[in-house]
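Source: prediction; values computed, not measured. Note on naming: letters A, B, ... go to the chains in the order of the sequence lines (proteins, then strands), and numbering restarts at 1 for each one.
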Protein chains: 2
Amino acid sequence: MAAKRGYDTKTIDHLIENVSENELCDLAELFKVFGDSTRIKILFVLFHGEKNVTEICDALDMNQSAVSHQLKILRTSKLIASRREGKAMIYALADDHVKTIIAMGKEHIEE
Amino acid sequence: MAAKRGYDTKTIDHLIENVSENELCDLAELFKVFGDSTRIKILFVLFHGEKNVTEICDALDMNQSAVSHQLKILRTSKLIASRREGKAMIYALADDHVKTIIAMGKEHIEE
DNA sequence: TGTTCATATGAATATATTATCATATGTTGT
DNA sequence: ACAACATATGATAATATATTCATATGAACA
């Protein structure tokens, strides 16, 4: 299915060779970040462009503090980036990996 | 970076459009499964081919019960498949999504 | 400087998750 | 039918995680 889209199988095999125990734990840590519905929702909101905290709270219909706590986790994992604009903090996806990883997950679910 | 490998950006954008709240929760559930070092280790062992439970326990140097509990979670998420062979249960990766998802995660970490 | 708006953070509680232990189930061979 | 082996499962205890509440920080502006 991935190959169907031209994703290089040899590259994948290379990527998953010779992985140390530490790297495996880092990987688990990364996926753990995706493994929470609040955080996934935040990422989806940011798919549509950058947003400030209040906008994210409104989109999720959630408490500002809860959202900020999760934003911190996403920032720490470098999945999102932030910059200040006056009083507001603007958040955006850090790179395209986020979209790709989530798209692959969605493909799996849809089968 | 993903595009560099020929992964179709339009396809990705389509995959992440119009996602319901339920689908987002399912996605989070899926990633949660990847988000544990024991389970990631099991998946990596299975990258090298199918294995029975005892072999997986040896590879991970872990208690059989702990491994079986995690195998169940991986089975439920359809990330691995099992079949019986005599007394033993043989486990294998269910499909290539697993490799692809993990490879994408690894790419992210390596930057 | 004081007030308001926007966001971040610490502490506490509630909930979820994992590994362990004990035991059950299922298979093979005697 | 019974013993030995392989795996699964239920209950428990230890740990991790998310949300809430209260409060702190920081920017803008009168």
Side-chain angles (χ1 to χ4, degrees), chain A residues 21 24-46 49-94, chain B residues 21 24-46 49-94:
Chain A
E21 173 128 8
L24 289 177
C25 290
D26 288 348
L27 259 181
E29 286 303 309
L30 174 66
F31 285 119
K32 201 175 290 184
V33 177
F34 287 96
D36 173 81
S37 60
T38 298
R39 289 190 293 263
I40 284 270
K41 284 174 193 168
I42 292 174
L43 293 175
F44 264 81
V45 169
L46 297 181
E50 47 181 37
K51 301 267 182 299
N52 67 35
V53 178
T54 303
E55 289 168 327
I56 297 171
C57 292
D58 290 349
L60 271 65
D61 191 26
M62 275 186 74
N63 177 323
Q64 177 265 320
S65 178
V67 169
S68 270
H69 279 295
Q70 300 310 322
L71 286 172
K72 182 175 193 172
I73 293 172
L74 289 166
R75 246 187 298 130
T76 303
S77 311
K78 314 223 172 150
L79 297 180
I80 62 176
S82 65
R83 68 170 202 279
R84 180 174 285 282
E85 201 164 271
K87 285 183 264 186
M89 292 296 290
I90 314 287
Y91 282 91
L93 296 183
Chain B
E21 174 128 6
L24 289 177
C25 290
D26 289 347
L27 258 182
E29 287 302 310
L30 174 67
F31 285 118
K32 200 176 292 184
V33 178
F34 286 97
D36 173 79
S37 60
T38 297
R39 290 190 291 266
I40 284 270
K41 284 175 194 169
I42 292 174
L43 294 174
F44 264 80
V45 168
L46 296 181
E50 46 180 41
K51 299 268 184 296
N52 67 36
V53 178
T54 304
E55 289 168 328
I56 298 171
C57 292
D58 289 349
L60 271 67
D61 192 25
M62 274 186 76
N63 177 325
Q64 177 266 318
S65 178
V67 170
S68 271
H69 279 296
Q70 299 311 323
L71 285 171
K72 181 175 192 171
I73 293 173
L74 289 166
R75 246 187 298 131
T76 303
S77 308
K78 311 223 175 154
L79 297 181
I80 62 176
S82 64
R83 68 170 204 279
R84 180 174 283 281
E85 201 166 272
K87 286 182 264 185
M89 293 296 289
I90 314 286
Y91 283 91
L93 296 182

Respond yes when some side-chain nitrogen or oxygen of [X] is under 4.0 Å from OP1 or OP2 of [N], and no when none is.
{"X": "Q70(A)", "N": "dT19(D)", "answer": "yes"}
{"X": "T38(A)", "N": "dT19(D)", "answer": "yes"}
{"X": "T54(A)", "N": "dT7(C)", "answer": "yes"}
{"X": "N63(A)", "N": "dT20(D)", "answer": "yes"}
{"X": "R84(B)", "N": "dA6(D)", "answer": "no"}
{"X": "K32(B)", "N": "dT17(C)", "answer": "yes"}
{"X": "Y91(A)", "N": "dA8(C)", "answer": "yes"}

Euclidean distance, atom [atom1] of residue [X] to atom [atom2] of [N] [Å, nearest integer]:
{"X": "M62(A)", "N": "dC21(D)", "atom1": "CE", "atom2": "P", "value": "12 Å"}
{"X": "E29(B)", "N": "dA16(C)", "atom1": "CD", "atom2": "P", "value": "11 Å"}
{"X": "L74(A)", "N": "dT17(D)", "atom1": "CG", "atom2": "C1'", "value": "14 Å"}
{"X": "D58(A)", "N": "dT7(C)", "atom1": "CG", "atom2": "P", "value": "10 Å"}
{"X": "L71(B)", "N": "dT7(D)", "atom1": "CG", "atom2": "P", "value": "10 Å"}
{"X": "I73(B)", "N": "dT7(D)", "atom1": "CD1", "atom2": "P", "value": "18 Å"}

* Is a donor on one side and an acceptor on the other found under 3.5 Å between the side chain of R84(A) and the backbone of G86(A)? -> yes

* Determine yes or no for a side-chain-to-main-chain donor-acceptor pair under 3.5 angstrom, with Q70(B) supplying the side chain and V67(B) the backbone. =>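 It does not hold such a pair.
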
* Which part of the nucleic acid, if any, lies within reach of S65(B) when heavy atoms closer than 4.0 Å are counted: base, sugar-phosphate only, or nothing? ->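 Contact class for S65(B): base.
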
* Asked: A66(A) near the nucleic acid: base, sugar-phosphate alone, or nothing, with a heavy-atom cut-off under 4.0 Å?
  -> base

* Residue whose closest nucleotide on DNA chain D lies nearer the 5' end, V67(A) versus S68(B) -> S68(B)

* To do: Counting heavy atoms from C-beta on, name the nucleotide in dT7(C), dC5(D), dA8(C) closest to the side chain of K87(B).
  => dC5(D)

* Structure fact -> Taking dG10(D), dT7(C), dG10(C) as options, the one with an atom nearest any side-chain atom of H69(B) is dG10(D)

* To do: Work out which heavy atom in R39(B) is nearest to a heavy atom in V33(B); give both atom names and the distance.
  => NE-O, 2.7 Å

* To do: Give, for atom OG1 of T38(B) and atom CD1 of I56(B), the distance between the pair rounded to the nearest 0.5 Å.
  =>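 Spacing of OG1 (T38(B)) from CD1 (I56(B)) equals 12.0 Å.
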
* Structure fact -> d(F31(A) CZ, L30(B) CG) to nearest 0.5 Å is 9.0 Å

* Asked: On a plain distance test, is the side chain of Q64(B) in donor-acceptor contact with the base of dA8(D) below 3.5 Å?
  -> yes

